[in-house]
Number of protein chains: 2
Amino acid sequence: MLDSIPDSTAGPRDRVLAAALELFAHRGYFSTSVPDIVRASGVSTGSVYHHFGDKEGIARTLYDSVIERMEQALEAIRERHPDTASRCRSMIELLFDIAEHDPDLMSFMLHARHREFLPAITPVCSSRPFQLMRGVVAEGMRRGEVRRMDETVAAVSVFGGALRLIQMRLDGALDRPLNDFLDDTWDCAWRAIASDAA
Amino acid sequence: MLDSIPDSTAGPRDRVLAAALELFAHRGYFSTSVPDIVRASGVSTGSVYHHFGDKEGIARTLYDSVIERMEQALEAIRERHPDTASRCRSMIELLFDIAEHDPDLMSFMLHARHREFLPAITPVCSSRPFQLMRGVVAEGMRRGEVRRMDETVAAVSVFGGALRLIQMRLDGALDRPLNDFLDDTWDCAWRAIASDAA
DNA sequence: TTGACTGGAACGAACGTTCGTTCTAATATT
DNA sequence: AATATTAGAACGAACGTTCGTTCCAGTCAA
C-alpha cells in the first residue's frame, strides 16, 4: 500500500505536508488558512514560505506526491497481474484499502481536481493514474477480454461505481467498511465491460 | 427538461441566483466573492443581503432550488416508465441532457456537495435525487429485474459510470457530446445490474 | 564566519457584512 | 382628489476582520 506521509518526528517539510493533508481533506483548500497549517504543523510561517513559496505550493507539492505514489501503486498492480480482470479488481481493492486506511489521502485525491480545490490543476481525467487505468482497459479490449466499445466509456464503467462508493464512505454514508461491498462492486464492474466470449 | 434560472429581465432575486449559479459553477464557492456576484447580477450589495441574509444563503437557496427541480424531473421519469431498465436509461439520458444543455447547473449540482463548496450541506448520497435513484433500483430488485445484491452498490453501479463521464465532459476532457456515448454507457450500466433471468 | 534555516511581528489587500439613507409604490387621511 | 404616511426594497460607502505574504533579526550547523 501507499506509505503515509510522515508526521511529528519528521523534518519541517514533511510536518507541513502531513498537517496540510489532514486540513485540506477535512476542511478543503480555501477553508484552511496558512496560519492553520502553521499552528497544526508546529512549523513557523517563515519556514513554510521558505520551503513552499506560497500556499498553492503546499497543495501542489502534496498533490504531486499523492499522484505519483498512486501511480506507482497502480503500475505495480499492472505488472503483477497478467489479465485485465484481475488487474481491474486489484485496482479497486487498492482504492478501497486506501480509502479505509488513509481516508484523508483518498479524500484529498478525489477532491483535489475540482476548480474549487486547486486552481488550475490538471483535471482528474487527464491525471496519470486515470490514464493508467484507462490504458489497462484499452489493452484488455485489444486482447478481447473487454467488449469493443468506446475506451473512455469502458474505463469509467469499470471504476465509476467503486469510486462513487468510496465517496459515499468518505461522506460517512456507509456504516460498514468498503471491503464488505467488494464482491458486489466487482461483480457489477466486470459484468459491465467483460467480453461476451468469457 | 429543467427550466433554466431566469436572467436579465427578471427580478433582482432571480438575477442574483442566475449570476451566482454561473460564478459558482465556473470558479467555485470560495473563489467567488460577494462583490463578484454584485457586479455580475447588477444588483446592489444591500439588496443581496436583504434577500439572502448572507453569502451562504445565496448558495443554499440555489442548491435547494436545483435539488428540488432535479428531484421532480426524476420523479416524472419514474412515473412515466413502468420498468426499471427504461427508468434508469431515461434518468441517464436526463442527466446527459442537462449536462449538455445547462452545464453550469450540472456542474453546480455535482460539486455542491463537497465540503469545499457548501459548508455543512447534506452529502449527495443523502440528497433526495440520489435516494430516488436508489429507490428505483431497489424496487427493480424486488421485482426481479435487477440482480440481488446490496442496494447501494447496485445504485452506484448503474449510475456511477454515467456520472463520471459527465464530470469528464464538464472538465472539457470529452470533445464529442455525451449523447454520442449514451448507447455504450447504457449498455455497461444495465449489464452491471441486470438480472440474469432476462 | 558564513550560509541555510527559523521565528513571529507586521503589512496591504480583499473579504463578508453592516448601516444609514434614498427610492418606490401602496395605503390612509383629509 | 390630493396629500401624508409608511413599509419594504434598493443602494453603496464604510467597517472590522482575516487572509496570504513579506521582512528581518536571530539561530544553528559546517
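Because only heavy atoms are used, hydrogens play no part in the values below, and waters and symmetry mates are left out as well, while side chains stay in. Just so it is clear: chains get the letters A, B, ... in the order the sequence lines come, proteins before strands, and each one is counted from 1.
- Legend: salt bridge (charged side-chain N to carboxylate O under 4.0 Å, His left out) pairs involving residues 147-160 of chain B, not counting sequence neighbours, sorted by first then second residue: A/Asp187-B/Arg147, B/Arg134-B/Glu151.
- Regarding B/Asp54, its CG atom lies at a distance of 9 Å from the C1' atom of C/dG16, rounded to whole Å.
- Rounded to whole Å, atom C1' of D/dG20 lies 14 Å from atom CZ of A/Arg39.
- Between A/Phe52 atom CZ and C/dC5 atom P the separation is 13 Å, expressed in whole Å.
- For A/Ala162, the side chain to side chain contact (heavy atoms under 4.5 Å, CB included) criterion is met by A/Ile92, A/Phe96, A/Thr185, not counting sequence neighbours.
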Which atom pairs link the protein and nucleotides 6-15 of chain C when you take only N or O atoms and keep those under 3.5 Å?
residue	atom	partner	partner atom	Å
C/dT6	OP2	A/His51	NE2	2.8
C/dT6	O5'	A/Ser47	OG	3.2
C/dG7	OP2	A/Ser44	N	3.2
C/dG7	OP2	A/Ser44	OG	3.4
C/dG7	N7	A/Ser44	OG	3.3
C/dG8	O6	A/Gly46	N	3.3

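- The side chain to side chain contact (heavy atoms under 4.5 Å, CB included) test applied to B/Thr45 returns B/Val38, B/Tyr49, not counting sequence neighbours.
- For A/Arg13, there are no salt bridge (charged side-chain N to carboxylate O under 4.0 Å, His left out) partners, not counting sequence neighbours.
- At whole-Å resolution of the value, CG in B/Asp14 and P in D/dA9 are 14 Å apart.
- Scored by the salt bridge (charged side-chain N to carboxylate O under 4.0 Å, His left out) test, B/Arg80 finds no partners at all (sequence neighbours excluded).
- Atom-to-atom, OH of A/Tyr49 to P of D/dT22 comes out at 7 Å; the value is rounded to the nearest Å.
- Every residue two or more places apart in sequence or in another chain was checked for a salt bridge (charged side-chain N to carboxylate O under 4.0 Å, His left out) with B/Glu68, and none qualifies.
- Between the side chains of A/Ser107 and A/Asp104, no donor-acceptor pair of N or O atoms lies under 3.5 Å.
- For the pair A/Arg27 CZ and D/dT18 P, the computed distance is 14 Å after rounding to whole Å.
- Helix-axis bend for the helix from C/dT1-D/dA30 to C/dT30-D/dA1: the local axis fitted to the five terminal pairs at one end deviates from that at the other end by 10°, rounded to 10°.
- B/Asp83 pairs by the salt bridge (charged side-chain N to carboxylate O under 4.0 Å, His left out) definition with nothing, not counting sequence neighbours.
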